[in-house]
Amino acid sequence: MPELPENEAQRRLLERECLNRTIESVELGDDTSYIELPGDNERKRLVGRQFTETRRHGKNVFAGSKTGPWMTVHLGMTGQLIPFDEPADPPDYTKLLIRFEGNRALAFRCPRKLGHVRVIDDPDEYIAKEGLGPDALAIDRDTFLETFGKTKSAIKAALMSQEKLAGIGNLWSDEILFETGLNPQCRANELSKDTLGELYDAMQSILETVVSKDADYEKLPDDWLVRGRDEGSDCPRCDGTIVTAKVGGRTAYFCDKHQE
DNA sequence: TGGGTTGTTCGTAC
DNA sequence: CGTACGAACAACCC
């Protein structure tokens, strides 16, 4: 589920389904060893309150109110927020269950336990403390050019670095570089200002498009990498082949021809 | 069976 | 300091 567009879709879901309802209980699910979830006292802080607004910064979703407290959710690799109406059972792998007035409930599902939920006082303070860079859809062009013009790491690793830019991960960094025709291994500071500008434009347009489709990949054009991101398959843009390489600790998928 | 995964963190090294 | 790498975390999928 987990990069900027997927998290934005989750934020919208919370906005639609879970706002302005008094929280009656916040309970832990089954098998909560290892995963970080709010403790007894933190969960109690939410009871009796309402979420009246939501926010998102990079891959972090927030729900809270002017006076706080706030809940912040990180989905990890396989986390999901699932609103539902009781008495239906919560989904498998529910790690946290919030019950609202009426019969509305919200499950935080996290099979691989790589996500977390925290209760915090203030999102801005939290974002600063976590050292997150500007959100990838909010960063302005000049800041982007400045940051990337002086980083020596591989461009893909730089795009995925949450301290530089919050919200891009393995999947969408591949798509952005595919669109721009850049090799994921090239050094960020060796790119011209014009090329970095093209990269910025591709990033904005790709993220906006995926957000506009609520991160439903079926609705994306057939010539996007994400639609056929398999090693050895034909490039949908040229007569190249999709190949892989390890970059920034992750597997990069790219075209061996139009991305050099 | 072994290897891979839309994520992060930590130790280590240069 | 900035950067790079492997391992770890956990469970599922092929």
Side-chain angles (χ1 to χ4, degrees), chain A residues 1-11 29-37 56-61 72-81 91-96 108-118 126-127 129-133 136-137 146-179 184-190 203 206-207 209-211 213-220 224-233 242-254:
Chain A
M1 267 265 121
E3 301 176 42
L4 186 152
E6 294 83 0
N7 276 281
E8 178 62 15
Q10 295 273 280
R11 184 196 68 75
D30 293 332
D31 184 19
T32 56
S33 61
Y34 173 74
I35 187 170
E36 184 190 341
L37 297 166
R56 182 195 54 74
H57 186 98
K59 302 174 187 175
N60 300 271
V61 174
T72 178
V73 179
H74 194 293
L75 301 175
M77 293 271 264
T78 55
Q80 234 177 330
L81 292 169
D92 290 345
Y93 303 106
T94 291
K95 301 306 173 190
L96 191 75
F108 169 59
R109 181 176 184 268
C110 199
R112 281 175 59 186
K113 300 180 174 179
L114 293 173
H116 63 241
V117 176
R118 295 171 181 158
Y126 180 78
I127 290 160
K129 200 187 67 194
E130 291 287 295
L132 298 172
L137 265 183
E146 201 200 325
T147 302
F148 284 72
K150 68 184 183 199
T151 187
K152 294 178 194 155
S153 58
I155 186 64
K156 178 180 171 67
L159 284 170
M160 292 191 298
S161 161
Q162 303 302 299
E163 301 77 47
K164 291 182 172 62
L165 184 68
I168 309 282
N170 199 21
L171 191 70
W172 297 117
S173 63
D174 277 355
E175 194 71 48
I176 292 162
L177 293 166
F178 180 80
E179 172 71 26
Q185 298 162 99
C186 64
R187 308 281 122 185
N189 65 349
E190 288 172 6
M203 175 175 85
I206 285 170
L207 294 178
T209 301
V210 185
V211 164
K213 308 287 185 196
D214 263 335
D216 182 346
Y217 305 164
E218 306 274 306
K219 293 181 182 158
L220 295 170
W224 279 35
L225 178 65
V226 69
R227 304 299 306 279
R229 193 167 165 273
D230 301 300
E231 190 171 16
S233 65
I242 302 306
V243 295
T244 64
K246 283 281 178 209
V247 185
R250 312 299 302 280
T251 303
Y253 289 75
F254 60 104

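Residue numbers begin at 1 in each chain, while the letters A, B, ... track the order of the sequences.
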NA contact type, A/Asp92, heavy-atom cut-off 4.0 Å: base, sugar-phosphate, or nothing? nothing
Quick one: salt bridge (Lys or Arg N to Asp or Glu O under 4.0 Å) partners of A/Lys246, sequence neighbours excluded? none
According to a strict under-4.0 Å criterion, is A/Thr251 in side-chain N/O contact with OP1 or OP2 of B/dT5? yes
Could you tell me the separation between the OH atom of A/Tyr34 and the P atom of C/dA8, rounded to a whole number of Å? 13 Å
Over 60° means perpendicular and under 30° means parallel, so classify the ring planes of A/His116 and A/His74, tilted if in between. tilted
Would you kindly give the CD-to-C1' distance between A/Glu3 and B/dT6, to the nearest whole Å? 5 Å
Expressed in whole Å, how much space separates the P atoms belonging to C/dG6 and B/dG3? 15 Å
More 5' along DNA chain B: A/His74 or A/Arg112, using each one's nearest nucleotide? A/Arg112
Rounded to whole Å, please give me the gap between CZ in A/Arg109 and C1' in C/dA10. 14 Å
Under the ring-ring contact (aromatic ring centres under 6.0 Å, His included) criterion, do A/Tyr217 and A/Trp172 qualify, and how do the steps go? CA-CA 12 Å; A/Tyr217 305 164; A/Trp172 297 117; 5.6 Å; yes
Is the side chain of A/Asn7 donor-acceptor paired with the backbone N or O of A/Glu3 at a distance under 3.5 Å, no angle test? yes
May I ask you to evaluate whether A/Arg250 reaches the phosphate of C/dG6, defined as a side-chain N or O under 4.0 Å from OP1 or OP2? no
Would you kindly give the CD-to-P distance between A/Glu163 and C/dC1, to the nearest whole Å? 14 Å
From B/dG7, C/dA4, B/dT5, nucleotide with atom closest to A/Ser153 side chain: C/dA4
Using a heavy-atom cut-off of under 4.0 Å over every strand shown, decide if A/Gly169 touches base, sugar-phosphate, or nothing. sugar-phosphate
Please state whether the phosphate of C/dA11, meaning OP1 or OP2, lies under 4.0 angstrom from any side-chain nitrogen or oxygen of A/Lys95. no
What pattern of brackets, bars and dots sums up DNA chain C from 5' to 3', given Watson-Crick or G-U wobble pairs under 3.5 Å, [ ] for crossing pairs and | for another strand? .||||||||.||||
In whole angstroms, how far is the P atom of B/dT8 from the CE atom of A/Met77? 10 Å
Using only side-chain N and O atoms of A/Lys113, determine if any of them is under 4.0 Å from OP1 or OP2 of C/dA8. no
For A/Arg109, all residues meeting side-chain contact (heavy atoms from CB on, under 4.5 Å), sequence neighbours excluded: A/Gln80, A/Ile82, A/Pro91, A/Tyr93, A/Pro111
Whole-Å distance between B/dT6 C1' and A/Gln10 CD? 12 Å
Pairs flagged by salt bridge (charged side-chain N to carboxylate O under 4.0 Å, His left out) wherever residues 149-167 of chain A is involved - sequence neighbours left out: A/Glu146-A/Lys150, A/Lys156-A/Asp174
Looking at the side chain of A/Asn170, which of C/dA11, B/dG7, C/dA4 is the nearest nucleotide? B/dG7
Which nucleotide wins on minimum distance to the side chain of A/Arg187, given the candidates B/dT8, C/dA4, C/dC9? C/dA4
Are any of A/Lys59's side-chain N or O atoms less than 4.0 Å away from OP1 or OP2 of B/dG7? yes
Rounded to the Å, how far apart are A/Leu37 CG and C/dA10 P? 14 Å
Taken in chain and number order and not counting sequence neighbours, the residues that satisfy ring-ring contact (aromatic ring centres under 6.0 Å, His included) with A/Phe178 are A/His258
Do the side-chain N or O atoms of A/Thr78 get closer than 4.0 angstrom to the phosphate oxygens (OP1, OP2) of C/dA11? no
Non-neighbouring partners of A/Gln162 that pass side-chain contact (heavy atoms from CB on, under 4.5 Å), sequence neighbours left out: A/Lys59, A/Leu132, A/Ala166
Give the rounded distance in Å between these two atoms: CG of A/Leu132 and P of B/dG7. 14 Å
Regarding the side chain of A/Gln162, the nearest nucleotide among C/dT3, B/dT9, B/dT8 is B/dT8
